[in-house]
Amino acid sequence: MYAIVDIQGQQFKVEKGQKLFVHRLPGEEGDAVEFNKVLLFADENSIKLDKLKSASVKATILNHQKGDKKIVFKKKRRKGYEKKNGHRQSFTKIQVEEISL
């Protein structure tokens with residue numbers, strides 16, 4: 001059984017017990033979160049696309065962490081302009097506990 005869920009503007013295919021990284025969520029480690037925007041629900045026999053208002057995915061926040069550093073380098077040739085910045089995206093690691101219809 002799996003579901004496709006919209007979590008903060010991104011779509012994820014989730015299964016029970018799966019761990020995944022999503023953009024930073026509010027809440028502390030160990031808190032339970034629930035996602036109600038289920039786009040697709042599938043089990044062994046059928047796939048449901050419509051009438052998923054009551055479907056939800058429950059997950060637990062495992063930890064908050066930052067991703068790898070990305071270097072942003074800007075340069076204009078022959079002008080002497082160079083600018084170097086770094087960026088680290090904040091992520092939340094969650095574990096899917098339950099998918100309910």
Side-chain angles (χ1 to χ4, degrees):
M1 171 179 8
Y2 69 91
I4 296 184
V5 184
D6 188 322
I7 302 173
Q8 292 189 340
Q10 289 186 319
Q11 295 177 7
F12 294 94
K13 178 182 176 184
V14 296
E15 296 177 8
K16 185 176 179 183
Q18 180 182 6
K19 296 177 184 176
L20 63 139
F21 290 97
V22 298
H23 288 300
R24 179 82 182 219
L25 295 173
E28 300 296 323
E29 294 180 12
D31 287 353
V33 290
E34 185 173 352
F35 306 108
N36 294 325
K37 198 165 184 182
V38 178
L39 305 174
L40 180 137
F41 177 83
D43 57 4
E44 301 83 30
N45 301 328
S46 64
I47 295 177
K48 295 186 182 0
L49 292 170
D50 299 344
K51 301 175 184 171
L52 295 175
K53 302 290 184 198
S54 63
S56 67
V57 173
K58 294 183 175 106
T60 304
I61 295 176
L62 298 178
N63 62 3
H64 299 291
Q65 60 191 45
K66 289 188 171 187
D68 295 334
K69 189 169 200 175
K70 306 289 182 191
I71 302 298
V72 180
F73 185 74
K74 298 178 182 179
K75 179 179 178 172
K76 293 187 179 180
R77 63 185 191 155
R78 298 188 299 271
K79 305 297 181 197
Y81 173 78
E82 291 183 354
K83 185 150 181 111
K84 182 178 178 182
N85 282 326
H87 175 72
R88 289 183 74 185
Q89 185 71 36
S90 296
F91 291 107
T92 300
K93 187 175 184 180
I94 62 172
Q95 181 172 9
V96 178
E97 301 295 334
E98 180 185 356
I99 300 172
S100 61
L101 184 61

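In this structure His23 satisfies the side chain to side chain contact (heavy atoms under 4.5 Å, CB included) test together with Gln8, Gln10, Gln89, Phe91, sequence neighbours excluded. Residues that satisfy the side chain to side chain contact (heavy atoms under 4.5 Å, CB included) test with Glu82, not counting sequence neighbours, are Phe73, Lys75.
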Identify all side-chain donor-acceptor contacts of residues 34-43 below 3.5 Å with residues at least two apart in sequence or on another chain.
| unit_1 | atom_1 | unit_2 | atom_2 | d |
| --- | --- | --- | --- | --- |
| Glu34 | OE2 | Ser56 | OG | 3.3 |
| Asp43 | OD1 | Asn45 | N | 3.4 |
| Asp43 | OD1 | Ser46 | N | 3.0 |
| Asp43 | OD1 | Ser46 | OG | 3.2 |

Donor-acceptor contacts, no H, no angles, side chain residues 57-66, under 3.5 Å, sequence neighbours left out:
| unit_1 | atom_1 | unit_2 | atom_2 | d |
| --- | --- | --- | --- | --- |
| Thr60 | OG1 | Glu97 | OE2 | 3.3 |
| Asn63 | ND2 | Gln65 | OE1 | 3.4 |
| His64 | ND1 | Arg24 | NE | 3.4 |
| His64 | ND1 | Thr92 | OG1 | 3.0 |
| His64 | NE2 | Gly27 | O | 2.9 |

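Phe21 and Val33 are not part of a single hydrophobic cluster, where members link through side-chain heavy atoms under 4.5 Å apart. At a threshold of 4.5 Å between side-chain heavy atoms, the hydrophobic network of Ile, Leu, Val, Met, Phe, Trp and Tyr places Val72 and Tyr81 in two separate groups.
Of all the heavy atoms in Phe12 and Leu20, the pair that sits closest is CD2-CD1, 3.5 Å.
Enclosure of atom CG in Asn85 by more than 12 non-hydrogen atoms of other residues, nucleotides or ligands within 6.0 angstrom is indicated.
For residues 11-22, there are no side-chain hydrogen bond (donor to acceptor under 3.5 Å, both in side chains) pairs, not counting sequence neighbours.
The CG atom of Asp31 sits 10.5 Å away from atom CG of Leu25, with the distance rounded to the nearest 0.5 Å.
By the 4.5 Å side-chain criterion applied to Ile, Leu, Val, Met, Phe, Trp and Tyr, Ile71 is assigned to no cluster and stands alone.
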